[in-house]
> 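Dropping the structure in here first, questions after.
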Number of protein chains: 2
Amino acid sequence: MKISTKGRYALRLMTDLAIHKDDGNISIKSIATRQNISEKYLEQIIKLLAKENLVESTRGAQGGYKLTREPIEYTVGEILRVTEGSLAPVACLETDDNPCENCMDCVTLEIWQCVLDAVNKVVDSITLQYLVDKQKEKGNCGCC
Amino acid sequence: MKISTKGRYALRLMTDLAIHKDDGNISIKSIATRQNISEKYLEQIIKLLAKENLVESTRGAQGGYKLTREPIEYTVGEILRVTEGSLAPVACLETDDNPCENCMDCVTLEIWQCVLDAVNKVVDSITLQYLVDKQKEKGNCGCC
DNA sequence: TAATATACTACAAAATTACTAGGAATTCAA
DNA sequence: TTGAATTCCTAGTAATTTTGTAGTATATTA
């Protein structure tokens, strides 16, 4: 039941962008340096965020990325789902609408649905702004 | 954020044992056949449950496994934690007591703690007896 | 036009998951 | 007392997923 580095890095990446939101375009390189994460790997993660319009990119010199909205308008849940994929504990729950036919009438499916709902409720209640505010007080160890 | 087959199989295994709780020792072989799960793999999973005294084993002919308590005295959470390990979304939360030193003052740790609490709350509120009751009504597709 | 970026595709290493194999030890029943 | 049934134990291995690397094309600016 682990969150992968993709999701964790995405949170740090987005927090970094939020903190520097008034500094124009932010290059992957600068984020990678500050956060001590592989540049190329970050590139792949930010691509996922760009595809879903959570960030926008500008190519070329002085290019880089920036947020498309205010930090308070993002939730942690949204960021995690874009980078991790669904937070569902089983594959059958990955499509929003219809779980797999066999599972429709399955005992355990309802358990996993409850778990998913509980997880989503938590992560959807926390905004990126909250991370920014806390970060300024506390810091981020980088390991979780 | 997936539950592995270990945890899912363990749930089916324990439900199977609960349903046959008055039939004496239940062999791995019979469970494997009923549940259509590899015998050798089940063996490894049940070993984890036996080590923590969720089931007891009898060796030799006519041997097998049985529950050590009534089905209502097990929670899904307990079964999952024994087989999956902690349900924590990050390694730093795996030991109950003290998260890693660096993380103590970390922004994201509190998010993961909230997620863990939410997940545990759900799975700890469901008993094995509930699975048995529902199973009799609904069945189990085996894929989740 | 050189420097600085992102965009894209493919590959690869490392870690984890999900088994498989084989035999030793134990118990029961004939 | 022997053979069948069963758990116990250790290793190995295949498949999958995660976590990156590498290289090149494309775009932008000074």
Side-chain angles (χ1 to χ4, degrees), chain A residues 1-10 12-13 17 20 23-33 35-66 68 80 83-86 88-91 94 142-143, chain B residues 1-10 12-13 17 23-33 35-66 68 80 83-86 88-91 94 142-144:
Chain A
M1 281 284 282
K2 291 285 175 293
I3 288 281
S4 74
T5 55
K6 250 180 190 161
R8 301 204 319 269
Y9 289 179
R12 288 162 64 191
L13 164 58
L17 281 178
H20 296 91
D23 302 352
N25 291 322
I26 309 296
S27 70
I28 283 184
K29 192 174 204 168
S30 68
I31 301 171
T33 304
Q35 301 295 330
N36 195 31
I37 300 176
S38 148
E39 212 175 303
K40 284 290 187 180
Y41 194 33
L42 267 188
E43 192 180 305
Q44 286 175 30
I45 295 168
I46 209 166
K47 185 167 60 178
L48 299 168
L49 296 163
K51 201 174 61 184
E52 298 298 320
N53 269 45
L54 274 70
V55 301
E56 65 184 3
S57 66
T58 307
R59 299 176 74 164
Q62 269 64 52
Y65 294 89
K66 57 183 164 187
T68 54
L80 290 178
T83 47
E84 290 275 314
S86 160
V90 290
E94 280 187 336
C143 77
Chain B
M1 279 284 281
K2 291 285 174 293
I3 288 281
S4 74
T5 54
K6 251 181 190 161
R8 302 205 316 272
Y9 289 178
R12 288 163 63 192
L13 164 56
L17 282 179
D23 302 351
N25 290 322
I26 309 296
S27 71
I28 283 185
K29 193 175 205 170
S30 68
I31 302 173
T33 303
Q35 300 294 331
N36 195 32
I37 300 176
S38 148
E39 205 173 319
K40 284 291 189 181
Y41 195 33
L42 267 189
E43 195 180 303
Q44 286 174 30
I45 294 169
I46 210 166
K47 185 167 60 178
L48 299 169
L49 296 162
K51 202 174 60 184
E52 298 298 321
N53 268 52
L54 275 70
V55 301
E56 66 184 3
S57 66
T58 307
R59 299 176 75 165
Q62 270 63 51
Y65 294 90
K66 55 185 166 185
T68 53
L80 290 178
T83 48
E84 289 276 313
S86 161
V90 290
E94 280 187 335
C143 77
C144 65

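Just so it is clear: chains get the letters A, B, ... in the order the sequence lines come, proteins before strands, and each one is counted from 1. Only heavy atoms go into these numbers, but all of them, side chains included; no hydrogens, no water, no symmetry mates. Owing to the predicted nature of the structure, the values given are computational and were not obtained by experimental measurement.
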> Nearest 0.5 Å, please: how far is OG1 in B:Thr83 from CD in B:Glu52?
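Separation between the atoms: 10.5 Å.
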> Mind calculating the distance between CD (B:Glu56) and C1' (D:dT6) to the nearest angstrom?
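Going from CD in B:Glu56 over to C1' in D:dT6 covers 16 Å.
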> Quick one: pull up OG1 in A:Thr58 and CG in A:Asn25 and give me the separation to the nearest 0.5 Å.
4.0 Å
> In terms of the nearest nucleotide of DNA chain D, which residue is placed more toward the 5' end: B:Ala61 or A:Lys6?
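Looking at the nearest nucleotide for each, B:Ala61 comes out on the 5' side.
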> Of the listed nucleotides (D:dG20, D:dC8, D:dT29), which one gets closest to any side-chain atom of A:Gln62?
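Of the options given, the side chain of A:Gln62 lies nearest D:dT29.
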> Distance under 4.0 Å to a non-hydrogen atom of chain B counts as contact; along DNA chain C, which nucleotides mark the start and end?
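The protein-touched segment is C:dA18 to C:dA29.
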> Hey, does the side chain of A:Glu94 reach the backbone of A:Ser86 with a donor-acceptor pair shorter than 3.5 angstrom?
no
> What's the CD1-P distance between A:Ile3 and D:dT17, to the nearest Å?
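Answer to the nearest Å: 17 Å.
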> Is a donor on one side and an acceptor on the other found under 3.5 Å between the side chain of A:Lys2 and the backbone of B:Ala88?
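It does hold such a pair.
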> Is the shortest side-chain N/O distance from B:Thr58 to OP1 or OP2 of D:dT7 below 4.0 Å?
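Checking B:Thr58 against D:dT7: no side-chain N or O falls below 4.0 Å of OP1 or OP2.
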> Quick one: B:Asn25 CG to D:dC8 C1', roughly how many Å, whole number?
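Taking atom C1' of D:dC8 as the reference, CG of B:Asn25 is at 15 Å.
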> Between the side chain of B:Thr33 and the main-chain N/O of B:Lys29, is any donor-acceptor distance below 3.5 Å?
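The answer is yes, because a donor-acceptor pair under 3.5 Å joins these two groups.
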> Mind calculating the distance between CD (A:Gln35) and C1' (D:dT19) to the nearest angstrom?
18 Å
> Please work out if A:Gly60 contacts a base, only the sugar-phosphate, or nothing of the nucleic acid, heavy-atom cut-off 4.0 Å.
base
> When you measure from the side chain of A:Ser57 to the backbone of A:Tyr65, do you find a donor-acceptor pair of N or O atoms at a distance under 3.5 Å?
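Looks like no, no N/O pair under 3.5 Å.
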> Supply the atom-to-atom distance A:Leu80 CG to A:Ile3 CD1, rounded to the nearest 0.5 angstrom.
5.0 Å
> Taking distance alone, no hydrogens or angles, what donor-acceptor pairs closer than 3.5 Å link side-chain atoms of residues 35-51 of chain A to residues at least two apart or in another chain?
unit_1: A:Gln35; atom_1: OE1; unit_2: A:Arg12; atom_2: NE; d: 3.3
unit_1: A:Gln35; atom_1: NE2; unit_2: A:Asp16; atom_2: OD2; d: 2.9
unit_1: A:Ser38; atom_1: OG; unit_2: A:Lys40; atom_2: N; d: 3.4
unit_1: A:Ser38; atom_1: OG; unit_2: A:Tyr41; atom_2: N; d: 3.1
unit_1: A:Tyr41; atom_1: OH; unit_2: A:Thr5; atom_2: OG1; d: 3.3

> Judged by atom type as modelled, is there a donor-acceptor pair below 3.5 Å linking the side chain of A:Thr68 to the main-chain atoms of A:Glu56?
no
> So which of residues 39-51 of chain A are in contact with DNA chain D, with a heavy-atom cut-off of under 4.0 Å?
A:Lys40, A:Tyr41, A:Gln44
